[in-house]
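Scroll down for the structure; my scribbles are underneath it.
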Amino acid sequence: MSSISLATPTASCVEDAIGVISNELTETVRALDPQEVAKAAGVVLGARRIYVAGAGRSGLSLRFTAMRLMHLGLSVCVVGDTTTPAIESGDVLIIASGSGTTRGMVAIGETAKKVGAHLVVLTTDASSPLAKLADEAIIVRAAGKQQVERAASKQYAGSLFEQAVLFVGDVMFHAIWQQNQIPTDVLWRRHANLE
Ligand SMILES: O=P(O)(O)OC[C@H]1O[C@](O)(CO)[C@@H](O)[C@@H]1O
């Protein structure tokens, strides 16, 4: 038993949470700029290899996208995995950072640019260091992890951004899939057979 005692939420409290999250997510994803996502998709499809990175939950959300890009037959690496090789010119790095300021992510983005790789950034802040460094930025109209005072979201920290990152990745995947009319069995054959 945990030393912290927390009350179980009532069904009405859960209902409120469902309303808050579904409304916020709908509003945020409807505010996406399709041009930004299409341009980023073009950079991703033109790259030799695709790298994804993000701290904590931001990075976890991008891992969903990494799997779908692999299903499309693209070569994808997750930054931080033990088998991820050096990034090179001709590769693309996708970073998700709500704040656009997370130090490790800025450093990774700078390294990628230095070697001549392309940089795609998903962030809430168009004026952040990562957005400025990016070749293509997708601006997600959500709260960053410490923007409680700006009240862009009632959800905790970067939750809305992290949900939207997953959504953006699925939008990109779905659009590429539909545009190229790839049969589902072609995608499915690539899915892990060791799970
Ligand atoms: O998305 P950012 O601003 O780079 O921040 C990442 C941080 O935010 C969180 O995703 C929390 O919401 C953490 O898991 C992580 O440490």
Side-chain angles (χ1 to χ4, degrees), residues 2 4 6 9 13-14 16-33 36-37 40-41 43-44 50-69 76-82 84 87 91-114 117-173:
S2 161
I4 300 176
L6 298 170
C13 187
V14 172
D16 284 351
I18 292 169
V20 165
I21 295 173
S22 55
N23 288 340
E24 286 192 347
L25 187 57
T26 302
E27 206 177 303
T28 296
V29 298
R30 286 204 182 278
L32 286 168
D33 180 347
E36 286 181 358
V37 181
V43 172
V44 166
I50 301 152
Y51 288 67
V52 301
R57 285 171 46 116
S58 301
L60 286 177
S61 295
L62 262 192
R63 283 179 174 239
F64 284 82
T65 309
M67 181 196 271
R68 285 289 182 259
L69 295 175
V76 192
C77 307
V78 176
V79 173
D81 279 1
T82 49
T84 295
I87 194 166
D91 296 332
V92 63
L93 170 65
I94 309 175
I95 295 180
S97 174
S99 60
T101 61
T102 301
R103 271 192 300 172
M105 293 303 117
V106 176
I108 285 170
E110 285 169 350
T111 301
K113 293 288 295 184
K114 209 179 291 168
H118 284 97
L119 180 63
V120 170
V121 168
L122 283 77
T123 183
T124 65
D125 187 353
S127 62
S128 64
L130 272 170
K132 287 185 181 151
L133 200 58
D135 298 295
E136 300 298 338
I138 298 175
I139 305 304
V140 176
R141 280 155 187 89
K145 59 190 169 190
Q146 288 179 321
Q147 287 178 332
V148 273
E149 74 288 354
R150 281 213 243 152
S153 171
K154 286 184 182 153
Q155 295 184 63
Y156 176 65
S159 296
L160 178 57
F161 172 74
E162 292 140 14
Q163 292 150 9
V165 168
L166 198 164
F167 190 100
V168 170
D170 275 355
V171 165
M172 189 183 283
F173 163 79

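Order of appearance sets the numbers: ligands from 1, and atoms from 1 within every ligand.
Here the side chains of Arg141 and Thr124 are not in contact, with every heavy-atom distance at 4.5 Å or above. Between Ile94 and Ile50, the closest side-chain pair of non-hydrogen atoms falls below 4.5 Å.
Between Ser159 and ligand 1, a contact under 3.5 Å exists for no N or O pair. Considering backbone and side-chain N/O atoms, Gly98 comes within less than 3.5 Å of an N/O atom of ligand 1.
Within the set Arg57, Arg103, Gln155, the minimum heavy-atom distance to atom 13 (C) of ligand 1 is found for Arg57.
Using a 4.0 Å cut-off to heavy atoms of Gly158, the atoms of ligand 1 that qualify are 12 (O). Against a heavy-atom cut-off of under 4.0 Å, Thr102 is close to the following atoms of ligand 1: 2 (P), 3 (O), 4 (O), 5 (O).
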Item checked: Criterion side-chain hydrogen bond (donor to acceptor under 3.5 Å, both in side chains) on Thr123 and Asp125, from CA distance to verdict -> CA-CA 6 Å; Thr123 183; Asp125 187 353; over 6 Å; no
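Within the 4.0 Å heavy-atom criterion, the part of Glu162 lying near ligand 1 is the side chain and not the backbone.
Ionic pairing of Asp81 and Arg63 is present here: one or more N-O contacts between side-chain nitrogen and carboxylate oxygen are shorter than 4.0 angstrom.
Residue Glu110 forms a side chain to side chain contact (heavy atoms under 4.5 Å, CB included) with just one option from Leu133, Leu130, Leu119, and that option is Leu133.
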